[in-house]
Amino acid sequence: MVFWERYVSDELMGTFAPIVVYWVYAGFYHLLPPLDKYRLHTRKDEEKKNLVPFSTVVKGVLLQQLVQAIVALFLLTTTTKASGVVEQPSIAKQILQFLIAMFVMDTWQYFVHRYMHQNKFLYRHVHSQHHRLVVPYAIGALYNHPIEGLLLDTIGGAISFLVSGMTARTAVMFFCFAVVKTVDDHCGLRLPGNIFHLFFQNNTAYHDIHHQLQGLKYNYSQPFFSIWDKLLGTYMPFNLVKRPGGGFEARLAKE
């Protein structure tokens, strides 16, 4: 029995736990000291290049999370009621569901994300809002246009949940993991021992390339793997080099 069963349902946990995890994890990065020797961009670049104030970013993230919470609560509640008493699957089955959900989410987000770059109207009026953060940081991981948030993240998450067949309890773990990974990809730091950098090629530096002007039409994959970029020719190789003044730089490289 999971400890929260006595106090709150799996459906409520699946709805609100990812939001709490987002602010705890992103807040952790925000409260860290400058850590200049691990930054992918200087603090001066962050202040100079980003085109949206911090307060607007926070409001944008909260708006997206409100929409996600409404959709998640409806989806988790209706699927649980439809299936009746839920028997939790074995650990092996949950791992398989995790992998399926990761692949489905990556596939959905790659093609929707790529189309938002290729369609000039959608890029100008929708997706460009996310790219106002030229130098990404953790709290801005989910900062984007409400339409993009709905299409890319909310619907993508719903499809991943439905296709994988996971229970609401497994969904709690999956979406919390996805949130942590997304925040980490936007944190702008190359910290030693970061487990995501060890197990995922699609990481902070990988996504930082996409936020650079020359890499804008490359490295669309998010949040887990780089499969689709490599299969469809949109992968941009890069070298991670040390800056003379401290920190790292993800520098585009030719294959």
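Keep in mind that what you see is a predicted model, and the values were worked out from it rather than measured.
Ring geometry for His127 against His131 counts as perpendicular: the plane angle is over 60°, on a 0 to 90° scale with 30° as the lower cut. Under the 30°/60° scheme for interplanar angles, the aromatic rings of His117 and Tyr123 are found to be tilted. The aromatic rings of Phe175 and Phe161 sit tilted relative to each other, their planes meeting at an angle between 30° and 60°.
For His210 (side chain) and Lys217 (main-chain N/O), no donor-acceptor pair under 3.5 Å exists by modelled atom type. At least one donor-acceptor pair closer than 3.5 Å links the side chain of Asp229 to the backbone N or O of Tyr220. Although no hydrogens or angles enter the test, the distance criterion places a donor-acceptor pair under 3.5 Å between the side chain of Thr204 and the main chain of Asp184. Thr77 contributes no side-chain N or O that, together with a main-chain N or O of Phe74, makes up a donor-acceptor pair within less than 3.5 Å. No side-chain donor-acceptor contact under 3.5 Å links Arg190 to the backbone of Tyr38. A donor-acceptor contact shorter than 3.5 Å is absent between the side chain of Asp185 and the backbone of His207. Lys49 places no side-chain N or O within 3.5 Å of a backbone atom of Val134 that could act as its donor or acceptor partner.
Taking a 6.0 Å sphere around OH of Tyr29, one finds it holds more than 12 heavy atoms contributed by other residues, nucleotides or ligands. Atom CZ of Phe111 has more than 12 neighbouring heavy atoms from other residues, nucleotides or ligands inside a 6.0 Å radius.
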Taking distance alone, no hydrogens or angles, what donor-acceptor pairs closer than 3.5 Å link side-chain atoms of residues 95-104 to residues at least two apart or in another chain?
unit_1: Gln97; atom_1: NE2; unit_2: Gly165; atom_2: O; d: 3.2

List the atom pairs, donor and acceptor, that lie under 3.5 Å between side-chain atoms in residues 51-67 and the rest of the protein, sequence neighbours left out.
unit_1: Gln64; atom_1: OE1; unit_2: Asn144; atom_2: ND2; d: 3.3
unit_1: Gln64; atom_1: NE2; unit_2: Asp153; atom_2: OD2; d: 2.9
unit_1: Gln65; atom_1: OE1; unit_2: Trp23; atom_2: NE1; d: 2.7

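Counting side-chain heavy-atom gaps under 4.5 Å among Ile, Leu, Val, Met, Phe, Trp and Tyr, the cluster of Val24 also holds Val20.
Side-chain contact check for Tyr22 and Gln68: no donor-acceptor pair (N or O, by modelled atom type) lies under 3.5 Å. Using modelled atom types and a 3.5 Å distance limit, the side chains of His41 and His211 yield no donor-acceptor pair. A donor atom on one side chain and an acceptor atom on the other are found under 3.5 Å apart for Thr170 and Gln94. Counted by atom type alone, Asn119 and Tyr115 present one or more donor-acceptor pairs between their side chains at under 3.5 Å.
Taking the centre of each ring, Phe177 and Phe224 come in below the 6.0 Å mark.
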